[in-house]
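Single-structure report; data block below.
If you read the sequence from its start, that first residue is 1, and numbering goes on from there.
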Amino acid sequence: MEEENKVNAPVEESTEASANKGGYEPHGSAAAPRPGDRKDGSHRGRPSERRGGRGGFRNGNDDGLTERVVAINRVSKTVQGGKHVRFSALAVVGDGKGKYGFAMTKSGEVPDAIKKSLAAARKYMMSVQLVKGTIAHDVEGVYGATKVVLKPAPAGTGIVAGGAVRAVVELAGIKNVVAKVYGSRTPINVIRATSAGLQSLKEYDRIMVLRGKKTPEQIKAKREAERAQRKAAADKAPKGDK
């Protein structure tokens, strides 16, 4: 009997031995065999568990556009067979030089929804007129129950905005602006209201003509002089050895 008990008794293995054999180890242990787990006291964790992955800026493609995922929402639809769950992703892209785009798409998986929204945002790019890193004048954008007020700010102020408004103005290339949101704070409505305000901006030269301060001929002569000045500066700049 004593010999049988010795044979059937479980064999205790060390933590390192069980890790080498591929046995189960609690996540975060020093001997965790899974790739990406904490080893030797590292606190990185697996890629899916790291903070700050979603919603950050990144350059996904070689087209020079910066991407940002603003919001991801779980959408559930009740059908005859049960519930149909999908995910919607709201993304913004921009080149930082006056062009931006945004889109919200749905898919069955989060990565697919993000990929679709970024591709859709690239198809519908819009431009905004920048004046020394800010906007030309105060403007209001309204969409549904959301109203966004944008005001120009002097250099050094930065972007005084939050959430979806910051994503749009920062990727569009606006360096100094003050924004305030009234009404609904739904991200897609805030972005649409912000875009409506940016698209309603007027150029300085056009306003001067409408107010009778300048004539179209003066504006044309001014632009030609600026173009000639830029060309002369480019010709004087030293060129590299070919």
Side-chain angles (χ1 to χ4, degrees), residues 27-28 32 34-38 42-130 141-146 148 150 159 161-175 177 179 181 184-199:
H27 175 65
R34 293 172 290 177
D37 281 353
R38 304 177 193 175
S42 175
H43 297 282
R44 293 191 333 177
R46 285 181 291 185
S48 61
E49 297 177 355
R50 299 174 192 166
R51 294 182 179 179
R54 189 169 67 191
F57 293 94
R58 62 180 184 270
N59 291 322
N61 295 340
D62 297 334
D63 53 5
L65 297 179
T66 305
E67 307 167 347
R68 186 179 186 188
V69 180
V70 178
I72 295 178
N73 189 28
R74 179 177 177 271
V75 182
S76 178
K77 179 180 179 182
T78 303
V79 295
Q80 185 176 3
K83 290 186 177 180
H84 184 53
V85 179
R86 303 181 73 190
F87 296 92
S88 64
L90 175 61
V92 181
V93 300
D95 61 352
K97 301 178 182 179
K99 290 186 178 181
Y100 69 95
F102 65 92
M104 184 174 69
T105 59
K106 298 178 183 179
S107 183
E109 300 293 337
V110 173
D112 296 338
I114 295 175
K115 185 177 180 180
K116 288 174 61 177
S117 62
L118 293 174
R122 281 181 164 82
K123 290 183 180 179
Y124 303 99
M125 299 290 292
M126 292 167 281
S127 60
V128 57
Q129 187 71 21
L130 303 179
V142 179
Y143 185 88
T146 302
V148 177
L150 300 172
I159 299 176
V165 180
R166 173 178 289 273
V168 175
V169 298
E170 192 166 354
L171 293 185
I174 301 175
K175 305 298 183 183
V177 70
V181 180
S184 174
R185 261 70 172 181
T186 305
I188 182 61
N189 289 346
V190 172
I191 287 182
R192 287 170 176 168
T194 305
S195 179
L198 294 177
Q199 294 303 309

Q199 side-chain N/O to T194 backbone N/O, donor-acceptor pair under 3.5 Å: no

Closest contact, heavy atoms only, V92 versus V168: CG1-CA, 4.3 Å

Residues in side chain to side chain contact (heavy atoms under 4.5 Å, CB included) contact with M125, at least two apart in sequence or another chain: L65, V93, K99

Nearest heavy atoms of L130 and G173, plus distance in Å: CD1-O, 3.8 Å

Donor + acceptor pair across side chains of S195, Y100 (<3.5 Å): yes

Gap between atom CD of E109 and atom NZ of K115 - 0.5 Å precision: 13.5 Å

Under the side chain to side chain contact (heavy atoms under 4.5 Å, CB included) test, residues paired with S117 that sit two or more places apart: A89, A91, T105

Nearest heavy atoms of A164 and P187, plus distance in Å: CB-O, 3.9 Å

Inter- and intrachain pairs under side-chain hydrogen bond (donor to acceptor under 3.5 Å, both in side chains), touching residues 86-97, at least two apart: none

Heavy-atom side-chain proximity of T186 to T146 below 4.5 angstrom: no

Between CE on residue M126 and CZ on residue F102, distance to nearest 0.5 Å: 4.5 Å

Residue pair V128 / V169, side-chain heavy-atom distance below 4.5 Å: no

Y143 side, atom OH; I191 side, atom CD1 - distance, nearest 0.5 Å: 12.0 Å

Atom NZ of K116: over 12 foreign heavy atoms under 6.0 Å: yes

Flag side-chain contact, heavy atom, 4.5 Å: I174 against I159: no

Closest approach of A179 to V165 (non-hydrogen atoms, all atoms of both residues): CB-CG1, 3.7 Å

Straight-line distance of L90 CG to I188 CD1, nearest 0.5 Å: 4.5 Å

